[in-house]
Structures are given as C-alpha cells and as structure tokens.
*Asks:* 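Sharing a structure below in structure tokens format, with a few things to ask.
Within every chain, numbering begins at 1; the chains are lettered A, B, ... in the order of the sequence lines, protein sequences first and strands thereafter.
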Amino acid sequence: MGPVVPSGETLTEERRSKRDRLKASGGLAYPYGFPGRVPLASVRSELATQPPGSELAGVSRRVAGRVQTIRQHGKTAFVPLRDQSGELQLFLRVDDLGEKGYQTALDTLDPGDLVGAEGVPVVTRRGEPSIRATSVVLLAKALRPPPEKWHGLQDPEARLRQRYVDLLSSPEVVRTFEGRSALVAEMRRYLSAQGFQEVETPVLGRVASGGLAHPFVTHYRFLEEDFRLRVALELPLKRLLVGGMERVFEIGKVFRNEDLDADHSPEFTMMELYWAYADYTDVRKLVEGLTQDLAKAAAPFLPKEEAEARVRDFTPPYPTVDYVEALEKESGISGIVELPRERLVELARAAGAKVPESMSHGGALDKLFGHYVESRLVHPTFVLDYPLETTPLAKRHRSKPGRVERFELFYRGMELGNAYSELNDPDDQEERFRAQLPPPAAGGGEGEESYAYDEDFVEALRYGMPPAGGLGMGVDRLAMAFLGRPSIKDVILFPPTRSLKSSGPTPAPGAGAS
RNA sequence: GGGCCUGUAGCUCAGUCGGUAGAGCAGGCGGCUCUUAACCGCAAGGUCCAGGGUUCGAAUCCCUGCAGGCCCGCCA
C-alpha cells in the first residue's frame with residue numbers, strides 16, 4: 001500500500017469521481033444556468049393552504065438550491081434544499097424519475113451540492129411542503145463536504161478565515177449581513193430624502209487628516225510618492241462645502257493602522273455628512289430621525305421582542321448630558337477640566353488607563369471620560385460640548401468658554417456618531433492644527449497619531465466655507481447596535497486575520513536544554 | 001502590549017492517574033416507497049497545531065513557537 005491518504009482528501013476524491021462519472025454518462029457537471037427557477041419560499045407559500053397529501057395538479061415548478069441532506073428510503077428519498085429565500089425538500093421517487101434517473105440522482109448527489117429540479121408542488125402525507133421531482137440536475141458539485149448539519153461551523157477561526165463556509169451553513173449569519181445591507185440602503189434613502197447628495201472622495205492622499213489615527217502608508221510608483229490611506233472623510237467633504245455643494249454625504253471605507261478588537265477593525269466603513277447653514281443642533285435632530293428610522297429598518301432581521309425593545313430605545317428625543325457635568329458627576333471631582341495636565345495624567349493612570357507621560361490635557365481628559373462616563377451610557381444619549389483641545393475641527397462654543405459645539409451619540413457604552421458645528425475660520429483652524437502637533441520634546445514614536453496639518457484644507461477655508469453642521473457615524477457599529485451583534489467581526493464579511501505561517505520546524509530557543 | 005482559555009477524523013466533540021485513539025454527523029458498502037438531526041447492519045477514516053524536553057512509555061507533564069477566543073489597556 002502507498003502512503004496514508006488523509007481522509008479529507010479521500011472525501012474530496014470521492015466527490016470528484018461522482019462528478020466525473022456524471023460527465024462520462026453525458027451529463028454536464030457545471031451547466032450554464034437554470035432558467036425559470038423560482039425561489040423555494042415562493043413554492044412554500046403557494047402550498048401554504050394545501051392539506052397534507054395533496055398536490056397542485058398540473059402545476060410544474062423549477063427550483064434550485066444547496067442540498068442539505070439526503071434521506072433515502074429505498075425507492076423514495078427526501079432531499080431538503082436551501083436557497084437564499086429559505087428551505088424546501090425535494091421528494092424523489094422511482095415512480096417519477098424512472099429506475100435510471102432515480103439511481104443517477106442518488107449516485108451523484110451529496111450534501112452541499114447545488115442542484116436544480118423540476119416537479120409538482122405537493123404537501124406530503126406528513127404535511128411537509130415539497131417538490132415531487134420529475135427531473136433533477138447537478139448545477140455544481142461540492143468537492144468539499146459542508147460542516148456538520150446540526151451544529152454547523154463552530155470553530156471561530158474557521159468562521160472568519162472561510163466566511164463562505166460560515167455563510168453557506170448558517171442562515172442566521174446570512175441574515176445579519178442582509179440586515180447590514182438593509183441598514184445601509186435605508187441610510188442612503190433617508191439622507192437622499194433629506195436632500196443630501198452622495199459623493200466619492202479619494203482613499204489615497206498625501207495627508208491622512210480629519211481624525212486621530214495612525215495611517216496606512218503606501219507608495220504610488222508613477223508619481224514616485226508615498227500616499228496614505230484616509231483615516232476620515234471629513235476634510236475633502238468640507239472642501240465641497242467651500243465649492244458650493246450644500247448637503248453632501250459619503251459612505252466609504254477608512255483605514256486606521258491600529259488594533260483589532262470587538263469594536264475596532266483597521267478598515268471600517270464610515271458615513272459622514274456635511275450640511276451648509278446648519279449647526280450641530282440641527283444635526284442632532286437629524287441623527288434622532290435617522291437612528292429612529294434605522295431601528296425600524298432593522299426590525300425584520302431581529303426576534304420580535306428585541307426589535308421592539310430597540311425601536312423603543314430609539315424613540316426621540318434622546319437624553320443629553322453635558323460633557324463636563326457628566327465627567328464631574330461620575331468621577332466625583334469638581335473642576336476636573338481645570339486641573340493641570342500632569343494631574344489629569346495621574347488621575348487617568350490611577351483609573352487604570354495606560355497613558356504616556358506626554359499625553360495632552362485633552363487626551364487625558366478623554367481617557368477619564370471614557371473610564372468614568374462612556375460605559376454607563378447604555379440608552380441612546382448625546383454627550384454635548386467637548387473641551388476645546390480635544391477637537392480641532394469644531395467651532396468654539398457660542399456660550400461655553402473653552403468648549404466646542406460637538407456631540408457624540410452613545411449606545412450600550414459604544415460611540416455611534418460624532419458631530420460638530422464645523423469650524424470655518426481659517427485662522428482659528430490653522431492655530432488649532434498647530435496646537436495638535438505632537439509636543440516637541442515628547443518623542444515616543446507616536447508622531448503620526450495627531451490631527452495631521454492639512455495645509456490645503458486651511459487654504460480652502462480661506463475662500464470661505466459656509467457655517468455648517470457635520471456628522472460622522474461608524475457604519476459597522478451601527479450594524480452592531482441595530483442588529484444586536486457583540487463583535488464588529490460579526491458585521492464585517494471578511495475581517496482581517498493573521499497569515500498562517502508554514503509550520504516547519506521552529507528553532508528551539510533553548511536548544512538541547514539539558 | 002498584559003492576563004486567562006482553546007487547538008484531537010472533513011465537521012461537532014469525548015479522552016480518567018502518563019500505558020500507545022473514541023463517539024455522533026458526513027463519506028463507503030448493504031437494507032428499507034412519506035422522511036424531518038430518518039432508521040437498521042457492516043467496514044473504513046488520525047501530522048492528537050508545530051518543534052523541543054522529561055519518561056521505559058506523552059494527546060495527557062514541562063519549555064518555546066504558531067493560530068484563535070475572552071478580559072484589560074487604546075484608536076471609532
């Protein structure tokens with residue numbers, strides 16, 4: 001005997017030879033389509049009022065889907081199929097298919113195969129809606145077996161690395177992504193109805209600004225220049241306000257060269273909108289309307305009680321809290337924002353945050369805010385009016401000194417959106433960018449993690465940007481929030497994974513330890 | 001980056017005190033003309049994540065590495 005063949009390859013070979021046998025007998029292993037096919041759910045609903053043991057006499061339907069399992073009983077067999085609409089079983093009988101056709105079907109089919117069938121809609125004596133097939137054809141052979149039919153694919157790593165297997169075996173995962181799709185479609189519809197135009201701005205740019213993040217850097221050979229992938233959509237969109245577009249939005253990927261965890265992914269989808277002649281209070285009303293709408297749009301994708309609870313949660317108006325008041329209240333330290341930077345750094349460290357010595361006053365405040373306040377904001381809540389130095393692109397508050405007109409929307413301790421009355425004074429903008437540059441002696445190698453100074457943006461402001469309100473929302477997080485998923489990986493189809501290194505012998509560090 | 005946990009058949013999982021590998025599903029063969037995780041019988045299927053160490057003997061104990069999950073820290 002030859003070397004041991006791994007059993008996984010044996011399974012693949014068995015399936016391959018079934019396919020080839022079909023080909024040899026004149027069948028097409030991979031036909032070009034299956035015209036006239038109707039969704040399985042439509043046949044199911046046609047049969048909804050039919051009593052057990054009856055059929056739609058004289059009717060013929062063509063259906064297609066993936067074989068879930070094959071229950072064979074000698075001269076009859078039941079083959080449940082699944083398509084995107086749902087499930088329906090084929091009822092195969094020697095009497096309908098003939099000896100040869102019946103045998104061929106059972107000899108070639110395996111769970112996981114994609115098949116087409118034609119036949120009469122019937123309800124079996126046991127009451128199961130079915131197609132009593134008069135013909136069955138293989139549409140594509142699955143050389144790999146599907147995961148175990150009862151438990152599905154459980155290995156969390158495999159579910160990410162081979163999302164297609166996760167999807168084909170787990171309708172509820174498909175459902176989540178259908179829900180995400182519906183949310184994004186509703187967002188587009190809503191904004192469009194409010195008069196916003198969707199635009200597309202560059203992913204590649206020389207300066208990655210508009211957000212606080214490490215950019216990904218790449219190289220454009222033709223221009224012989226390094227480019228950065230955008231970390232936010234903000235600055236190009238505001239340039240459009242300068243140019244005379246009054247209501248714009250963009251939904252697109254942004255990239256931040258940072259850690260991956262339950263609510264962060266290095267590439268994620270952002271929606272930003274800019275609204276000329278409005279301010280952050282107008283934007284707040286819009287966010288209430290939009291999120292209320294999204295909660296309703298998500299309802300069909302959730303269990304009834306969960307959907308109702310979510311719709312209740314997102315019934316405006318949402319409570320508002322003042323940033324400083326909330327921080328003072330939760331931390332129990334009055335006058336906290338006036339404390340010197342060094343003291344804030346101490347406090348943040350005492351609260352368990354990892355804070356570099358050089359951290360700015362605003363940065364330390366944000367740590368404290370995150371620690372004391374954010375996790376407690378369970379129901380939708382607007383936090384208003386952030387300290388000036390935390391927010392270089394927002395307009396100074398009209399009545400609260402040292403603050404900007406900004407709000408963030410929190411839900412279940414997670415930030416869903418961020419909005420400003422947009423700063424449109426070019427001189428102030430220049431100054432605020434400068435204030436954000438890393439402290440000269442700080443070092444720490446974190447140089448890129450600041451609001452990069454976008455010179456051309458300041459130049460654009462010099463031409464005059466109308467007063468405006470702006471908003472950014474994390475689309476992935478919206479999907480998490482409205483679809484009730486705990487991890488951002490649950491709403492990203494193909495999340496990043498580490499590469500699998502070849503598992504050759506690793507050098508033994510303490511080689512030959514004796 | 002720190003802590004805890006996980007990795008065994010294609011899939012889902014057992015594996016006791018360290019004694020040389022198990023089940024279910026899927027697949028193969030046989031049976032069965034209304035099943036619903038169909039059922040019944042037979043046979044087969046393994047790089048126990050990788051490398052090293054301890055030991056007469058390692059899936060099991062120790063070390064290192066790889067991959068993943070959760071918690072913490074951090075950017076949304």
*Asks:* If the C1' atom of B:A26 is compared with that of B:C11, how far apart are they to the nearest Å?
*Replies:*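 It works out to 7 Å between them.
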
*Asks:* Would you kindly give the CG-to-P distance between A:Leu160 and B:G7, to the nearest whole Å?
*Replies:*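 Those two atoms, CG and P, are 18 Å apart.
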
*Asks:* With a cut-off of 6.0 Å (strictly less than), are more than 12 heavy atoms of other residues, nucleotides or ligands near CD of A:Glu172?
*Replies:* yes

*Asks:* Suppose you measure atom P in B:U64 against the same atom in B:U60; what distance do you get, rounded to whole Å?
*Replies:*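 That atom pair is separated by 16 Å.
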
*Asks:* Restricting to side-chain hydrogen bond (donor to acceptor under 3.5 Å, both in side chains), what partner residues turn up for A:Arg341, sequence neighbours left out?
*Replies:*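 Expected list: none.
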
*Asks:* Using the test side-chain hydrogen bond (donor to acceptor under 3.5 Å, both in side chains), find all partners of A:Lys149 that sit at least two apart in sequence or belong to another chain.
*Replies:*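 Per chain and number, A:Lys149 pairs via side-chain hydrogen bond (donor to acceptor under 3.5 Å, both in side chains) with no residue.
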
*Asks:* From the set B:G68, B:U33, B:A26, return the single nucleotide nearest to any side-chain atom of A:Thr69.
*Replies:*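 Per side-chain heavy atoms of A:Thr69, the pick is B:A26.
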
*Asks:* Could you pull out all residues at least two apart from A:Lys75 that satisfy side-chain contact (heavy atoms from CB on, under 4.5 Å)?
*Replies:*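 If we apply the side-chain contact (heavy atoms from CB on, under 4.5 Å) test to A:Lys75, skipping adjacent residues, the hits are A:Val94.
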
*Asks:* Could you tell me how far apart A:Arg71 (CZ) and B:C39 (C1') are, to the nearest whole angstrom?
*Replies:*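 From A:Arg71 CZ to B:C39 C1': 12 Å.
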
*Asks:* Taking CG from A:Asp261 and P from B:C71, how many angstroms apart are they, rounded to a whole number?
*Replies:*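 Taking CG of A:Asp261 and P of B:C71, I get 9 Å after rounding.
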
*Asks:* What distance, rounded to whole Å, do you find between the two C1' atoms, one in B:A21 and one in B:U8?
*Replies:*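 Looking at atom C1' only, B:A21 and B:U8 are 9 Å apart.
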
*Asks:* For B:C56 versus B:C72, give the span between their P atoms, rounded off to a whole number of Å.
*Replies:* 46 Å

*Asks:* Can you pull the salt bridge (charged side-chain N to carboxylate O under 4.0 Å, His left out) pairs that have at least one residue in residues 377-393 of chain A, sequence neighbours excluded?
*Replies:*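 Salt bridge (charged side-chain N to carboxylate O under 4.0 Å, His left out) check on residues 377-393 of chain A returns A:Asp385-A:Lys400.
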
*Asks:* In whole Å, measure the gap between the P atoms of B:C40 and B:U20 for me.
*Replies:* 30 Å

*Asks:* Give the rounded distance in Å between these two atoms: NZ of A:Lys75 and P of B:G30.
*Replies:*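 Nearest whole value for this atom pair: 13 Å.
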
*Asks:* Does a side-chain N or O from A:Lys149 land closer than 4.0 Å to OP1 or OP2 of B:G24, or not?
*Replies:* no

*Asks:* Side chain of A:Pro147 only, please: which of B:C74, B:U33, B:C11 is the nearest?
*Replies:* B:C11

*Asks:* Among residues 89-108 of chain A, which residues get a heavy atom nearer than 4.0 Å to RNA chain B?
*Replies:* A:Gln89, A:Phe91, A:Asp95

*Asks:* Which nucleotide, if any, forms a Watson-Crick or G-U wobble pair with B:A21, using both distances under 3.5 Å?
*Replies:*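 Paired with B:A21, as far as the under-3.5 Å criterion goes, is no nucleotide at all.
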
*Asks:* What class does the angle between the rings of A:Phe196 and A:Phe249 fall in, given that below 30° is parallel, 30 to 60° is tilted and above 60° is perpendicular?
*Replies:*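 If you compare the ring of A:Phe196 with that of A:Phe249, the planes turn out perpendicular.
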
*Asks:* Which residue, A:Ile488 or A:Ser130, contacts RNA chain B at a nucleotide closer to its 5' end, judged by nearest heavy atom?
*Replies:*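 Whichever sits nearer the 5' end wins; that is A:Ser130.
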
*Asks:* Taking only the C1' atom of each, what is the distance from B:U47 to B:C66 in whole angstrom?
*Replies:* 15 Å

*Asks:* A:Tyr386: what forms a ring pair (Phe, Tyr, Trp, His ring centres under 6.0 Å) with it, not counting sequence neighbours?
*Replies:*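 A:Tyr323.
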
*Asks:* So, using salt bridge (charged side-chain N to carboxylate O under 4.0 Å, His left out) as the criterion, who are the partners of A:Glu415 when residues are at least two apart?
*Replies:*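 Result, salt bridge (charged side-chain N to carboxylate O under 4.0 Å, His left out) vs A:Glu415: none returned.
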
*Asks:* Applying a 4.0 Å non-hydrogen cut-off, can you work out what A:Gln72 is touching in the nucleic acid: base, sugar-phosphate, or nothing?
*Replies:*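 Base: the residue A:Gln72, judged by heavy atoms under 4.0 Å, touches a nucleobase.
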
*Asks:* Rounded off to whole Å, could you give me the CG-to-P distance for the A:Leu168 and B:A26 pair?
*Replies:* 17 Å

*Asks:* Taking atom P in both B:G53 and B:G46, what distance in whole Å separates the two?
*Replies:* 27 Å

*Asks:* One thing to verify: whether A:Glu346 and A:Arg343 come together as a salt bridge, which I'm taking to mean a side-chain N less than 4.0 angstrom from a carboxylate O.
*Replies:* yes

*Asks:* Kindly write out the residues that satisfy side-chain hydrogen bond (donor to acceptor under 3.5 Å, both in side chains) with A:Arg66, not counting sequence neighbours, or none if the list is empty.
*Replies:*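 For A:Arg66, no residue satisfies side-chain hydrogen bond (donor to acceptor under 3.5 Å, both in side chains) once neighbours in sequence are set aside.
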
*Asks:* For A:Tyr164 and A:Gln162, test the side chains for any donor-to-acceptor distance below 3.5 angstrom and give the result as yes or no.
*Replies:*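 Present: a donor and an acceptor within the cut-off.
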
*Asks:* Scan nucleotides 40-43 of chain B against the protein and return all N/O pairs shorter than 3.5 Å with their distances rounded to 0.1 Å.
*Replies:*
none

*Asks:* Taking the nucleotide of RNA chain B with the nearest heavy atom to each, does A:Phe78 or A:Asp263 sit closer to the 5' end?
*Replies:* A:Phe78

*Asks:* When the distance from CG of A:Leu260 to P of B:G73 is rounded to whole Å, what number comes out?
*Replies:*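 These atoms are roughly 17 Å apart.
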
*Asks:* Under 3.5 Å, is there a donor-acceptor pair between the A:Glu118 and A:Ser135 side chains?
*Replies:*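 On atom types as modelled, these side chains do not qualify, holding no pair under 3.5 Å.
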
*Asks:* Looking at B:G41, which nucleotide sits across from it as a Watson-Crick or G-U wobble partner, both distances under 3.5 angstrom, or is there none?
*Replies:* B:C29

*Asks:* Taking only residues at least two apart or on different chains, which pairs with a member in residues 150-161 of chain A satisfy salt bridge (charged side-chain N to carboxylate O under 4.0 Å, His left out)?
*Replies:*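 For residues 150-161 of chain A: A:Glu157-A:Arg161, A:Arg159-A:Asp166.
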
*Asks:* If pairing requires Watson-Crick or G-U wobble contacts with both distances under 3.5 Å, which nucleotide is the partner of B:C4?
*Replies:*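 The answer is B:G69, by the H-bond criterion.
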
*Asks:* Hey, what are the protein-to-nucleotides 12-15 of chain B N/O distances that come in under 3.5 Å?
*Replies:*
| from | atom 1 | to | atom 2 | distance (Å) |
| --- | --- | --- | --- | --- |
| B:U12 | OP1 | A:Gln154 | N | 2.8 |
| B:U12 | OP1 | A:Asp155 | N | 2.9 |
| B:U12 | O2' | A:His151 | ND1 | 3.4 |

*Asks:* Between B:G10 atom P and A:Trp150 atom CH2, what is the distance in whole Å?
*Replies:* 24 Å

*Asks:* What do you reckon, is CZ of A:Arg175 surrounded by more than 12 foreign heavy atoms closer than 6.0 Å?
*Replies:* yes

*Asks:* Please list, in numerical order, the residues of residues 362-374 of chain A that have a heavy atom closer than 4.0 Å to any atom of RNA chain B.
*Replies:*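 Per residue number, the list reads A:Lys367.
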
*Asks:* Taking pairing as Watson-Crick or G-U wobble with both contacts under 3.5 Å, can you name the mate of B:A58, or confirm there isn't one?
*Replies:* none

*Asks:* Under 4.0 Å between a side-chain N or O of A:Lys489 and OP1 or OP2 of B:C70?
*Replies:*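 The answer is no; no side-chain N or O of A:Lys489 sits under 4.0 Å from OP1 or OP2.
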
*Asks:* Does A:Arg161 put a side-chain nitrogen or oxygen below 4.0 Å from OP1 or OP2 of B:A67?
*Replies:*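 No, A:Arg161 has no side-chain N/O under 4.0 Å of OP1/OP2 on B:A67.
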
*Asks:* Is the A:His379-A:Tyr318 ring centre distance short of 6.0 angstrom?
*Replies:* no

*Asks:* Grab the CG-P distance between A:Leu88 and B:C34 for me, whole Å please.
*Replies:*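 Answer to the nearest Å: 19 Å.
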
*Asks:* Please report the distance separating the C1' of B:A38 from the corresponding atom of B:C34, rounded so that it comes out in whole Å.
*Replies:*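 Their C1' atoms lie roughly 11 Å apart.
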
*Asks:* Indicate whether the side chain of A:His151 and that of A:Glu148 have a donor and an acceptor atom separated by less than 3.5 Å.
*Replies:* yes

